[in-house]
Amino acid sequence: MASSRRLRAFKRWMKSQGIQCSDTLDFIDCPQQGISVGALSDLHEGDVVAKIPKTACLTIKTSGAREMIESAGLDGHLGLSVALMYEKSLAQDSPWAGYLQLLPPQECLPLVWTLGEIDSLLSGTELHKAIKEDKTLMYEDWKENILPLVYSAPQSLNPSSFSVKEYFAARSLIASRSFQIDEYHGFGMVPLADLFNHKTGAEDVHFTSVSPNQEYEDDVDSENGDNNELSKISGHDKRDSTCENSYIHSDSESDYSSVTGEDPMMLQMIMVREVKSGDEGLSKMRSSLMDCGFKCTGLTFKENRSLFELGLKAFYSTTSLFFYAPQVFNTYGSLGNAALLHRYGFTEANNPFDIVNIDLELVLKWGCSLFSSRYCRARLSLWRRINISGSVSENSEYFEVSSDGEPELELLTLLYIMLLPDDTCHKLDISICTADKVSANIGMILSEKHDITWSTSSEISKDLLLTEKVCRALLALADIRESCYGSKSIDEDVEALKRCCMTERKLYHSLMLRISERRILEKFRTYATAGAQSQTFQDANGTSTTRKRLKKH
């Protein structure tokens, strides 16, 4: 098969570059799903399954375009994009030809979707605005930095190989596949390491680097950015500081090697937990293939390898991911579906790190529906004066709602202040100048309202902020946020997902994102409803509660 040929070519290239790969690893080229890494025999914690020379990695420092890139003052992802486009333009003449032929032309990230697809598929989601901003910024990067470089470079460059389309394609590959290698090389494409698929909270193999200036094993996973800051997720060029002397002094490297026995110019893939071999899953494959007319009994997984490949095409149409050899997973970090789709082009069901953001703009929209703009600005100013703010990304301020539907304390505090009676608000305003700590201002109000003792060391309780009016405000905000998804209900999205095939990647993963976010909004409503019912019960019985107290971030 063509896929087998490209894998064989890649393995020959790895050998020529000194990349060492354990015989226990198996590469499966599944139709539509790409290449996955499986285990042919048991793997144990601490096993080194691969060693990759840094010289085999495609970086600014190793690329044939290094002088051109550095002369233009480019670095970070922008510089690496030029290096990748340059090597791809060389085709078979590139030292990385055996590796590059394994890569797709581009990854199916929203970054490379059309504006029409972004508007129709991502409307209302956490990605809609972020992706459009990314595309604008990256186009400006290309126009200001790469387009002039093509026509001013000392060597002759083919403009079509450095077009805006090729630049976006390169950025999609870098976003989903690059790793931080070390201080000298910065970010780079790491052959073999980028074939391990991601699974949240299920890291099997760990990518490490040995360095004279670092601990013996440092985590060098590519940009595991914070889930709550979409502007940090692959969208904007990050300038990586490089140190020219870190890895060019052979004396320091040889001294380090003699002490540790490790090669500082070698990257390693090390197992961090046990993975059982593929033989235990073979019985499933046998029964499945026998249904297709194949006979396979009494053979090990390795002996059935050719039969497995033969059955892939025949069986793929009936299963979303045909892979009975247990995969060996890397993990890209604790990322929600918005971050996963943004950076890597896929989503996960029941992702515990999913979030939904409530923009401050939406909160003010709700406020202005009840009060004057002047009133809302004054209450917002008072909220800021007690040194509280939402999360900030670029020019946007927002509040997170966690996967279980619980809003941030900052949002509850803002709503509480927005809904305070004028005389109480005035008292709070006066107290700000004399309070010892932030929470003492709100604490004073709460202590009087709920007849509880408040000390300066006390923490604000979310429960005490959940007045009936605040809970109604939360429900109103949920409705406003829900309206961003358009006229289709969540049930319609669920039905559309059932009809969708995973091969329709854009539609499938955008629906997964929409549904995961809207499920959180459902839990958000439940949280507000429960809070309102609890408050009603307390008011009816003349009681107060000091349940779970949460620290402010």
When you look at Ile490 and Leu521, which way does the side chain to side chain contact (heavy atoms under 4.5 Å, CB included) test go after all the steps? CA-CA 11 Å; Ile490 185 173; Leu521 289 176; over 6 Å; no
Margin query: Does atom CG (Asn350) have a neighbourhood of more than 12 heavy atoms from anything else shown, all under 6.0 Å?
Written below: no
Heavy-atom closest pair (Asn337 atom, Ser516 atom, distance to 0.1 Å) is ND2-OG, 3.7 Å
- Start with the C-alpha gap between His198 and Leu340, add the side-chain angles, then the distance that decides, and say whether side chain to side chain contact (heavy atoms under 4.5 Å, CB included) holds. CA-CA 10 Å; His198 162 86; Leu340 287 176; 3.9 Å; yes
Notebook entry, point to check: NZ of Lys129: more than 12 outside heavy atoms within 6.0 angstrom?
Noted result: no
Residue Glu140 excluded, over 12 heavy atoms near CD under 6.0 Å:
yes
Problem set entry | Carboxylate-amine/guanidinium proximity below 4.0 Å for Glu468 and Arg472 | yes
| task | List the steps and the verdict of side chain to side chain contact (heavy atoms under 4.5 Å, CB included) for Leu474 and Leu411. | result | CA-CA 9 Å; Leu474 292 175; Leu411 174 59; 4.2 Å; yes
**OP:** May I ask you to check whether Ser489 and Asp491 show a side-chain donor-acceptor distance below 3.5 Å?
**Re:** no
- [ ] Report yes if some heavy atom in the side chain of Pro407 is under 4.5 Å from a heavy atom in the side chain of Tyr527; otherwise report no.
- [x] yes
- Item | Student check: side-chain heavy atoms of Met85 and Tyr167 closer than 4.5 Å | yes
Nearest heavy-atom approach of Met189 to Arg177 is CE-CB, 3.8 Å
Nearest heavy-atom approach of Ser487 to Glu492 is O-OE1, 4.1 Å
Decide yes or no on side chain to side chain contact (heavy atoms under 4.5 Å, CB included) for Met271 and Val328, but give the supporting numbers first. CA-CA 9 Å; Met271 299 300 298; Val328 181; 4.1 Å; yes
Answer yes or no: is there a side-chain heavy-atom contact under 4.5 Å between Leu122 and Pro110? yes
Requested in this report: Could you check if a side-chain atom of Asp119 sits within less than 4.5 angstrom of a side-chain atom of Lys132, using non-hydrogen atoms only?
Outcome: yes
Check your understanding: Should Phe371 and Leu419 count as side-chain neighbours, where that means a heavy-atom distance under 4.5 Å?
Key -> yes
Within the 4.5 Å heavy-atom criterion, are Leu370 and Tyr375 side-chain neighbours or not? no
* Asked: Does some side-chain heavy atom of Ile480 sit less than 4.5 Å from a side-chain heavy atom of Trp366?
  -> yes
Exercise. State, yes or no, whether a side-chain contact exists between Val37 and Val205 at a heavy-atom distance under 4.5 Å.
Key: no
